[in-house]
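Each remark here refers to the structure printed beneath this line.
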Protein chains: 2
Amino acid sequence: MALFLSTYINKLDSKGRVSVPATFRSSLASSSFQGIVAFKSKSHIALECFGMDDMIEISKRLDHFDLFSEAQDDLATVIFAESKQLPFDGDGRIVLPEELRSFCNMTDKVAFVGMGQKFQIWEPEALEKRLANARDNVREQNLTIPASKD
Amino acid sequence: MALFLSTYINKLDSKGRVSVPATFRSSLASSSFQGIVAFKSKSHIALECFGMDDMIEISKRLDHFDLFSEAQDDLATVIFAESKQLPFDGDGRIVLPEELRSFCNMTDKVAFVGMGQKFQIWEPEALEKRLANARDNVREQNLTIPASKD
DNA sequence: TACAATACCATGCTATACCATATTATACCA
DNA sequence: TGGTATAATATGGTATAGCATGGTATTGTA
């Protein structure tokens, strides 16, 4: 199973290209598509990123709804219509489309943030603020990780 | 497995021709028919599109209704009788028949909208409204992807 | 024979595949 | 433990192939 850890900051070139951290790429090596799938986060000014296999998994779960039901339609629209398929080039880079870059206010550098099964891409300064905020939330609410169900 | 992702806007020429996005075509490469199947959506001013292999799959699902029940008959009529088989030309284009274009109020551009196992074709401005609507529905009803059953 | 549908061809553009360099991290050896 | 060699990674630039698009020819049909 793919597991994305740690944070890496890489450079965005004039064409919107950026190297995906090598450790993230190796997590996706066995995927059916050499690249990532990205879409705008619903809760942050950032991009949510998955491997293609996870998107297929999501698609299968949606099959539990009736094919033309409203819920199925709304979810599929939000998730799939607004996502972008970003293939690796020969050197492990992706091209971040202008639309996604401007949504995140990205200029010359971006941060890849491991989140376990998925990862996010942030404008580095926005990420700093978010991290400080997340630390506060964890401290104030004494958030903990649930015990294993095994 | 074929998965349709993202949204692409392509030009409709004077003969009603339009390029199917290359990524969608490659999802259909292994299909038994080189082209798509399209029919008018029941819930939107848009076209629902599948590969031929998925139409066969839908047909199997309909078998779960009683063979001569009203529901089965209605659905089968709407989906199969009113659907059009649109073959690719040598350059990966389809011809959208006048009847389907006018149903969607299409003029010079159309949007191909990935929905996972299917895709839709929209008049671009109508799509914008639909996207906003889908986002609202998901937020208001707290729709989420069902958890895995594993 | 006239019309419409479809197959075929031609072109500009853009995405991406390729190559070349710089930089960093790692491994090896003293 | 420290320094150096080496390999992997990140980055920058260029060439090319594929794609979207426009047009023409040919076939079938009424």
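A:Ile94 places its CD1 atom 15 Å from the P atom of C:dA15, with the value rounded to the nearest Å. The CZ atom of A:Phe112 sits 9 Å away from the P atom of D:dA10 (whole-angstrom rounding). The distance between atom CG of A:Asp108 and atom C1' of D:dA10, rounded to the nearest whole Å, is 15 Å. In this structure, B:Tyr8 atom OH and D:dT21 atom C1' are separated by 18 Å, rounded to whole Å. Between A:Leu96 atom CG and D:dT11 atom P there is a gap of 13 Å when expressed in whole angstrom units. Between the CZ atom of A:Phe88 and the P atom of D:dA10 there is a distance of 11 Å, given to the nearest Å. Atom-to-atom, CD of A:Gln85 to P of C:dA15 comes out at 15 Å; the value is rounded to the nearest Å. Note: CZ (A:Arg93) to C1' (C:dA20) measures 11 Å, nearest angstrom.
Comparing D:dT21, D:dC19, D:dG12 by their nearest atom to the side chain of B:Arg25 picks out D:dC19. In this structure, the nucleotide among D:dT9, D:dG22, D:dT11 sitting nearest to the side chain of A:Asp91 is D:dT11. The side chain of A:Ala22 lies closest to D:dT9 when the candidates are D:dG22, D:dT9, D:dC19.
A salt bridge does not link A:Asp63 with A:Lys60: every distance from a Lys NZ or Arg NE/NH1/NH2 to an Asp or Glu carboxylate oxygen is 4.0 Å or more. Under 4.0 Å is where a charged nitrogen must lie from a carboxylate oxygen, and between A:Asp73 and B:Arg130 at least one such pair does. Using a cut-off of 4.0 Å between Lys/Arg side-chain N and Asp/Glu carboxylate O, A:Lys40 and A:Glu99 are scored as salt-bridged. Between B:Glu125 and B:Lys129 no salt bridge is recorded (no basic side-chain N to carboxylate O distance below 4.0 Å).
Put simply, the side chain of B:Asn10 and the base of D:dC19 share no donor and acceptor less than 3.5 Å apart.
A donor atom on one side chain and an acceptor atom on the other are found under 3.5 Å apart for B:Asp53 and B:Ser32.
Counting non-hydrogen atoms under 4.0 angstrom, B:Pro21 reaches the backbone sugars and phosphates but no base.
In a base pair of the Watson-Crick type (N1 to N3 plus N6-O4 or O6-N4) or a G-U wobble (N1-O2 and O6-N3), with each distance short of 3.5 Å, C:dA30 is matched with D:dT1.
Nearest-nucleotide assignment on DNA chain D puts the 5′-proximal partner with A:Gly92, out of B:Val18 and A:Gly92. The residue among B:Gly90 and A:Asp89 whose nearest nucleotide of DNA chain C is located toward the 5' end is B:Gly90.
A close approach under 4.0 Å does not occur between any side-chain nitrogen or oxygen of A:Arg17 and OP1 or OP2 of C:dA17. Taking only side-chain nitrogens and oxygens, B:Lys15 never comes nearer than 4.0 Å to OP1 or OP2 of D:dG23.
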